[in-house]
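In what follows, a single structure is set out as structure tokens and then discussed.
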Amino acid sequence: MIDKLELTHLRTLDALNRFDTISAAAEHLDVSQQAVSLQLKKIRAILGDPLFVRTGQGMAPTPYAKLIAPHIGQVLAQLNGIPLPFEVRPEHAERTLVISGTDYTQKVIVADLVRMLRREAPKVKVAVVDIEVSALTRKLHQGDIDLIFTVDGYVAPGLVTQPLFIEQYRCVTGNRALADGGVMPLEQLVEHDFIVTNPGMASFTGSADGWFARQGLQRRVVASAPSFFMALEYLKGSDLVAFMPSRLLPCEGVFEIALPKYPPGYQVVAAHHPNAQNDAFITWVLERVGSGLVSATSRA
């Protein structure tokens, strides 16, 4: 029973013990109230006790919750006391962190990372550069770049990668009427003109072409953009359609078309040179990126 508890369960119980409302606990944990309620429901099922009951003043702990509270506090204190490799202290770190990312990963990962570093490692300078696929490995080896956030397929062999999440595609258009017609059959979808994203090259091919071919279909691509963000701008006010990463949506002026199925998503990863495996600060940064993505998913 107890061995089924996870670290997030312990943190939820600790927050509920310290704060007398779900909203206050959620704010402390930086998650939604719904996420706290769902965690509490899971913990109740594991431990077989209500743990916290609603009162006129908020949430009151049951006798069992009071009994285990000091044990939970002790466990969390011990976990928080585990030193990182070589005892890195982010608040005292003074260095420059160079990050390379696509426009997409800069939006969904790096922006939050920069804000986090300002709060927790204020003496660290951050430089963000665009992806240069042909020069990535050389720049990592020379120490010109510390971390990469990109798609798994862009990472050269020999680099150390850490999977972050699977991104899914959604079909969008700038024509609201196309989106308001319910689920659109793929045979009808390919009758419309597409825009694709091809960074650094003038090409009218896209990752979904092979997927359409496996469905026995062929789409017509009439426009190509250098980035997802520019493709979204070109879509607005037009009748073009496109596949976009779900984390860039919703977007004002762009409307989602429901489909019976979608092209496969892609793995987003962090990557660095093997020489950085013993870099305690890089390890800490990647741990914070991972926990930030989990929090964002809980709030969604």
If you define the side chain from C-beta out and look only at heavy atoms, does anything of [X] sit under 4.5 Å from [Y]?
| X | Y | answer |
| --- | --- | --- |
| Val268 | Ile109 | yes |
| Cys171 | Leu189 | yes |
| Asn175 | Phe255 | no |
| Asp144 | Val98 | no |

Might you confirm whether atom [atom1] of [X] has over 12 heavy atoms from other residues, nucleotides or ligands at distances under 6.0 Å?
| X | atom1 | answer |
| --- | --- | --- |
| Arg176 | CZ | no |
| Glu256 | CD | yes |
| Glu91 | CD | yes |
| Arg54 | CZ | no |
| Lys236 | NZ | yes |

message = Within 45 degrees of the ring normal and closer than 6.0 Å to the centroid, is that where the cationic atom of Arg219 sits relative to Phe212?
response = no
key: Identified side-chain hydrogen bond (donor to acceptor under 3.5 Å, both in side chains) partner of Ser246 from the options Gln168, Glu167, Arg170   = Glu167
Does [X] reach the main-chain N or O of [Y] with its side chain, forming a donor-acceptor pair under 3.5 Å?
| X | Y | value |
| --- | --- | --- |
| Asn198 | Ser203 | yes |
| Asp152 | Val269 | no |
| Arg220 | Glu191 | yes |

ask   = Which value, rounded to the nearest 0.5 Å, describes the distance between Leu117 atom CG and Lys125 atom NZ?
value = 14.5 Å
ask   = Which value, rounded to the nearest 0.5 Å, describes the distance between Phe281 atom CZ and Arg89 atom CZ?
value = 14.5 Å
inquiry  = To check you understand the geometry: which heavy-atom pair defines the closest contact between Phe19 and Ala25, and what is its length?
reply    = CB-N, 4.0 Å
key: Path from Val196 to Met230 over hydrophobic side-chain contacts below 4.5 Å   = yes
key: Pair Tyr266-Tyr169, ring pair (Phe, Tyr, Trp, His ring centres under 6.0 Å): steps then yes or no   = CA-CA 9 Å; Tyr266 54 88; Tyr169 283 114; 5.4 Å; yes
request  = Verify the distance criterion only: is there a donor paired with an acceptor across the side chains of Arg11 and Thr8 at less than 3.5 Å?
outcome  = no
